[in-house]
Amino acid sequence: MSVTKTHDIAEIKARNRALIQEVLEVYPEKTAKRRAKHLNVQEAGKSDCGVKSNIKSVPGVMTIRGCAYAGSKGVVWGPIKDMIHISHGPVGCGQYSWAARRNYYIGTTGIDTFVTMQFTTDFQEKDIVFGGDKKLAKVMDEIQELFPLNNGITVQSECPIGLIGDDIEAVSKAKSKEYEGKTIVPVRCEGFRGVSQSLGHHIANDAIRDWVFDKIPADAAPRFETTPYDVAIIGDYNIGGDAWSSRILLEEMGLRVIAQWSGDGSLAELEATPKAKLNVLHCYRSMNYISRHMEEKYGIPWCEYNFFGPSKIAESLRKIASYFDDKIKEGAERVIAKYQPLMDAVIAKYRPRLEGKTVMLFVGGLRPRHVIGAYEDLGMEVVGTGYEFGHNDDYQRTAQHYVKDGTLIYDDVTGYEFEKFVEKIQPDLVGSGIKEKYVFQKMGVPFRQMHSWDYSGPYHGYDGFAIFARDMDMAINAPIWKMAKTPWKNVPEQTLLAAE
Amino acid sequence: MPQNADHVLDHLELFRGPEYQQMLAEKKRLFENPKDPAEVERIREWAKTPEYREKNFAREALTVNPAKACQPLGAVFAAVGFEGTIPFVHGSQGCVAYYRSHFSRHFKEPSSCVSSSMTEDAAVFGGLNNMIDGLANTYAMYKPKMIAVSTTCMAEVIGDDLNAFIKTSKEKGSVPADFDVPFAHTPAFVGSHITGYDNVMKGILEHFWDGKAGTAPKLERQPNEKINFIGGFDGYTVGNIREIKRLFQVMGVEATILCDNSDVWDTPTDGEFRMYDGGTTLEDTANAVHAKATISMQEYCTEKTLALAANHGHQVAAFNHPVGVTSTDRFLMEVSRITGKAIPEELARERGRLVDAIADSSAHIHGKKFAIYGDPDLCLGLAAFLLELGAEPTHVLATNGSKAWAEKVQALFNSSPFGANCHVYPGKDLWHMRSLLFTEPVDFLIGNTYGKYLERDTGTPLIRIGFPVFDRHHHHRYPVWGYQGGLNVLVTILDKIFDEIDKNTNVPSKTDYSFDIIR
Ligand code: SF4
Ligand code: SF4
């Protein structure tokens, strides 16, 4: 049982505020001042969450954030399956991110698809001292020879590249020319740029604009006939198959998905996207940039949607349909109706087991807000949330559409803060990443990884919601959590009741 | 609609049905600009040929699927083996997120480590302020007994000077002047994670033994009868260190385990998160200077560290991740020789049991061909074990293996008739291994989780021994060292062999024979 349920909202707010003060006490003064700006208690009616965001992490505090390389190679580019993404620099970054994100795809790996492989220039000292451009050029030649069916190459810069003055753009251009206009994309996503993954997303988006869109010859023959119902899925990385369980709904309502960005995506799909009639955007954080660009340059509107949980899915399907004619609007209604019995059955099965349970989240991208509706569909309550690398526009969306009065908000939370918050609030479930998972499980708190879906998924769409519900139930109601406390060391609260 | 509430289908089954299959086929046909399937097939076949292998081995610049990581990973591994110690990696923060994830995925444990979070301005002006603030914050928040500093490649490229930075930080009051902040430069573009382990081990020992970066008198060595034991970077550290402690206890050997992460990466779930647990005490670390000898289980993980110990007058002995009968014999006999403690009967009986188990099962392993990849010492240890089982370690590959290592492996091959047709591949990666498995097939592959791609592509069954192992649980809790460890490795190999035999003989009305109940 969480504390939240037993107190009224004013008490919760007071408790949360006190908690923030308590946590800040551990820091040296300067750090306490900086961190104070990232922590808040939500006030109903406010247009944002009242926290500062997208600023540098404080050194030495155990931030959960990653880097720009992770945002570009790990998120945006890595899933493009028919291109080879070179982790350019020393071996580490590419090694740790190798196949770690479960961006599902179909293809013959190593022959015409390359997502779960680690290509690296494996920098040695001499490459740092004398520069790595020659090596990069040679790597591209060797890729062409050994992987002739690749449809393109990207250069994902690691920290040293920008520091040693390499000219990866020149190498890319020269090689592209040599290989008859082959798509070769230099990406300046060195890990020290920006303050988190976020700038990496932006840089990667810009690279698509500059090195894919702007290189398409004006007279290029279209690969397919367009229709009035062509849309592109933007910002779904197909983790555990998320994009597939989303695509199926869009197609069932009568739309045609001409591209997936970037889970199970291909270069051809990126290139075709300017022909879409609407871009539907799931992860706003990581791909709003390219959506805005396409709107400006090609006049393609974009529409944010949320495919977590039946309430938000229905709302989103209708919103997407509103950009089209009655045929699609009817299609949306048909799809909603089709899945209603499944949703009713899922909720009938799981809601009684989850009703009233509380959740604390800390994730990236869109999830700290987007999954809230799915939890609410199951009768659960999100009592704390925060973004690893959100910006103010994320917190605005969160405040305006998602969180409740009194919710604890923590931006770029530190390991210490998160631990203390959970310890005091005692939620029934924590949803965050692999680095956090075992910390909370040791504390006896049920946990689900909400980046990787804890190796489950998909969670998007109606099919995904059934899995989401099953997983949350199995996390919270696993018998093991009743055994975490050593019985002979506890004052057994239950004994009195049992004795009656 | 395949999904239903009674039997929820996840990614393992959901996408197999016609709805999704059709959708994906259409996606490919209409929008992916796919290659001609015949061409894909042709290239797939070509990539199996000796001709492809030749081109593949002619690579000079490109690395594909390497079996190594970067120095700071080893730095973090070494640091958390000391009591109350938090690793502090100076440089970009993204790297630290990666190290923590990597260890958590392998050990299924929390992995605590902080970064100085350097960004673009630090690239221009240097990371001194990040160090000053970072140390102060870490000290205040996480109340460590020691902060072990290493570097990411960013800090190395801009040339930050750890010694000077730590000194300045102490002057500015980030941590008390006498607080232990050992450090090591760990450039990612030199060596691999095993180099980082070595550098940090050496850095920590140097700190305690040689006057804490000029802030304390050097320790005067007063030789005693204790020995120091260093395990090296080891995915089985939890099981192995515990086993080694037991062996020493049985022998009555007084030893200091330098870098003991057997507790911090195996904490209980009992309602409490232990950020620190166990580890070599700082006092023991300092006193280790007085030991009569320092023993390393992994030569290539501890080259500099052992040199430091030798310089302090220690006898040194290095092993190569000893697995099996002969290697364990050698290890125990050397410990016995150094300490003057006899090997008790109890261990002779354990040895006899391992020999017994090998004798019972050897017919199933004898003559089988294996490919092995992993860290240099692990490769040597496993190859030696296979040779004593009468198996052939046909391909032995270490991406972070040196020339000297390759010579040592060759010498091992030369020492056994079963090594006659075996080859060693230093500095090669798993894409090279792929060619080897196609052109000179073997019966089994031994490697880490990434070997599953090789298993899928080449059909060579994978036996998971190595680091990281992400997709099987808990094996790190069992030792591979000592006779007990040898038994574990033997059983792991045998299980796979028997599973394969069954898998290949279970087609009804085709292979009803050989599907035996007794083996
Ligand atoms: S939500 Fe997160 S994990 Fe998902 S894609 Fe956006 S950035 Fe990433
Ligand atoms: S940036 Fe350098 S230190 Fe960091 S993970 Fe990559 S290779 Fe390792």
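The chains referred to below are lettered A, B, ... by the order of the sequence lines, with proteins before strands, and numbering in each begins at 1.
Within the 4.5 Å cutoff, no side-chain heavy atoms of A:Thr31 are placed close to those of B:Met141. Residues A:Ile106 and B:Lys28 have side chains not in contact (no heavy-atom distance under 4.5 Å, counting atoms from C-beta outward). No side-chain heavy atom of B:Lys27 sits under 4.5 Å from any side-chain heavy atom of A:Val257. Proximity of A:Tyr339 to B:Met1: side-chain heavy atoms (C-beta onward) are separated by under 4.5 Å at one or more points. The shortest side-chain heavy-atom distance between A:Pro28 and B:Tyr139 does not fall under the 4.5 Å cut-off. Side chains of B:Asn65 and A:Trp98 form a contact here, defined as non-hydrogen atoms less than 4.5 Å apart. Here the side chains of A:Pro148 and B:Trp46 are in contact, with some heavy-atom distance below 4.5 Å. Proximity of B:Trp431 to A:Met117: side-chain heavy atoms (C-beta onward) are separated by under 4.5 Å at one or more points.
For A:Asp264, the parts sitting under 4.5 Å from any heavy atom of chain B are the backbone and the side chain alike. For A:Cys159, the part lying near chain B is the side chain, with the backbone staying farther off; criterion is any non-hydrogen pair under 4.5 Å. Within the 4.5 angstrom heavy-atom criterion, only side-chain atoms of A:Trp481, from C-beta onward, approach chain B. Only the side chain of B:Ser92 comes within contact range of chain A, with heavy atoms under 4.5 Å apart. Of the atoms belonging to A:Lys135, heavy atoms from both backbone and side chain fall under 4.5 Å from chain B. In this structure, no portion of A:Ala259 lies under 4.5 Å from any heavy atom of chain B. For A:Arg102, the part lying under 4.5 angstrom from a heavy atom of chain B is the side chain only. Heavy atoms of A:Glu125 lying under 4.5 Å from chain B belong to its backbone as well as its side chain. Using a 4.5 Å cut-off between heavy atoms, A:Pro341 does not touch chain B at all. Heavy atoms closer than 4.5 Å to chain B are found nowhere in A:Leu136, neither backbone nor side chain. For chain B, the nearby parts of A:Ala345 are the backbone and the side chain; heavy atoms of each come within less than 4.5 Å.
In this structure, B:Asn137 CG and A:Met62 CE are separated by 12.0 Å, a value rounded to the nearest 0.5 Å. The line from OG of B:Ser101 to NZ of A:Lys437 is 13.0 Å long, rounded to the nearest 0.5 Å. Remark: B:Asp429 CG to A:Thr120 OG1 distance equals 10.5 Å, nearest 0.5 Å. The CG atom of B:Leu24 sits 13.5 Å away from atom OH of A:Tyr104, with the distance rounded to the nearest 0.5 Å. Annotation: the span from B:Asp10 atom CG to A:Tyr459 atom OH amounts to 9.0 Å, rounded to 0.5 Å. A:Glu271 CD to B:Asn33 CG: the interatomic distance, rounded to the nearest 0.5 Å, is 8.0 Å.
Counting heavy-atom pairs under 4.5 Å between each of A:Glu252, A:Gln197, A:Lys81, A:Glu190 and chain B puts A:Lys81 at the top. When each of A:Thr414, A:Leu342, A:Ile164 is scored by its heavy-atom pairs under 4.5 Å with chain B, the top score falls to A:Leu342. Highest contact tally toward chain A, considering only B:Met23, B:Glu26, B:Met118, B:Arg44, is held by B:Met23 [criterion: heavy-atom pairs under 4.5 Å]. Heavy-atom pairs under 4.5 Å with chain B were tallied for A:Asn151, A:Val445, A:Ile84, A:Val129; the largest tally goes to A:Asn151. Looking only at heavy-atom pairs under 4.5 Å with chain A, the residue among B:Ser111, B:Ser112, B:Cys95 that has the most is B:Ser112. Residue with the most contacts toward chain B among A:Gln441, A:Glu158, A:Lys435: A:Lys435 (heavy-atom pairs, distance under 4.5 Å). Your options are B:Tyr453, B:Phe88, B:Phe103, B:Tyr99, and the one with the most heavy-atom pairs under 4.5 Å with chain A is B:Tyr453. Between chain A and the residues B:Glu19, B:His90, B:Met131, B:Lys108, the largest count of heavy-atom pairs under 4.5 Å involves B:Lys108. The choice from A:Ile111, A:Asp112, A:Val58 that makes the most heavy-atom pairs within less than 4.5 Å of chain B is A:Ile111. Ranked by heavy-atom pairs under 4.5 Å with chain A, the list B:Thr399, B:Thr267, B:Asp6, B:Asp121 is led by B:Thr267. Ranking B:Ile132, B:Leu73, B:Val190 against chain A, the residue ahead of the rest is B:Leu73, based on heavy-atom pairs under 4.5 Å. No other option in A:Lys138, A:Lys126, A:Arg247 has as many heavy-atom pairs under 4.5 Å with chain B as A:Arg247.
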Side chain to side chain contact (heavy atoms under 4.5 Å, CB included) assessment of A:Phe192 paired with B:Val157: CA-CA 12 Å; A:Phe192 61 81; B:Val157 172; over 6 Å; no
Trace of the side chain to side chain contact (heavy atoms under 4.5 Å, CB included) decision for A:Tyr350 with B:Val8: CA-CA 12 Å; A:Tyr350 292 108; B:Val8 174; 3.8 Å; yes
Chi angles and distances behind the salt bridge (Lys or Arg N to Asp or Glu O under 4.0 Å) call for A:Lys489, B:Asp270: CA-CA 10 Å; A:Lys489 285 188 183 172; B:Asp270 61 358; 5.5 Å; no
Intermediate values then yes/no, side chain to side chain contact (heavy atoms under 4.5 Å, CB included), A:Thr116 and B:Tyr450: CA-CA 10 Å; A:Thr116 48; B:Tyr450 294 110; over 6 Å; no
Intermediate values then yes/no, side chain to side chain contact (heavy atoms under 4.5 Å, CB included), A:Ser57 and B:Ser117: CA-CA 7 Å; A:Ser57 300; B:Ser117 295; 4.0 Å; yes
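Judged by distance alone, the side chain of A:Glu142 and the main-chain N or O of B:Ala61 form a donor-acceptor pair under 3.5 Å. A donor-acceptor pair is defined here as one N or O able to donate and one able to accept, closer than 3.5 Å; no such pair exists between the side chain of B:Gln93 and the backbone of A:Arg65. For B:Tyr52 (side chain) and A:Leu146 (main-chain N/O), a donor-acceptor pair under 3.5 Å exists by modelled atom type. The closest donor-acceptor contact from the side chain of B:His193 to the backbone of A:Gly92 lies at 3.5 Å or more, if one exists at all. Judged by distance alone, the side chain of B:Glu109 and the main-chain N or O of A:Tyr438 form no donor-acceptor pair under 3.5 Å. Distance alone, capped at 3.5 Å, is enough to place a donor-acceptor pair between the A:Lys349 side chain and the B:Ala5 backbone. Under a 3.5 Å cut-off, the side chain of B:Tyr142 and the backbone N or O of A:Tyr416 do form a donor-acceptor pair.
Around NZ of B:Lys143, the count of heavy atoms belonging to other residues, nucleotides or ligands within 6.0 Å exceeds 12.
When ring centroids are compared, B:Tyr20 and A:Trp244 stay outside the 6.0 Å threshold.
Ring orientation note: the planes of A:Tyr69 and B:Tyr98 are nearly perpendicular, at an angle over 60° on the 30°/60° scale. Ring-plane geometry between A:Phe224 and B:Phe31 is classed as perpendicular, the angle between the planes exceeding 60 degrees on a 0 to 90 degree scale with a lower cut at 30.
At a threshold of 4.0 Å, the pair A:Glu145-B:Arg59 does not count as salt-bridged, since none of the basic side-chain nitrogens sits closer than that to a carboxylate oxygen.
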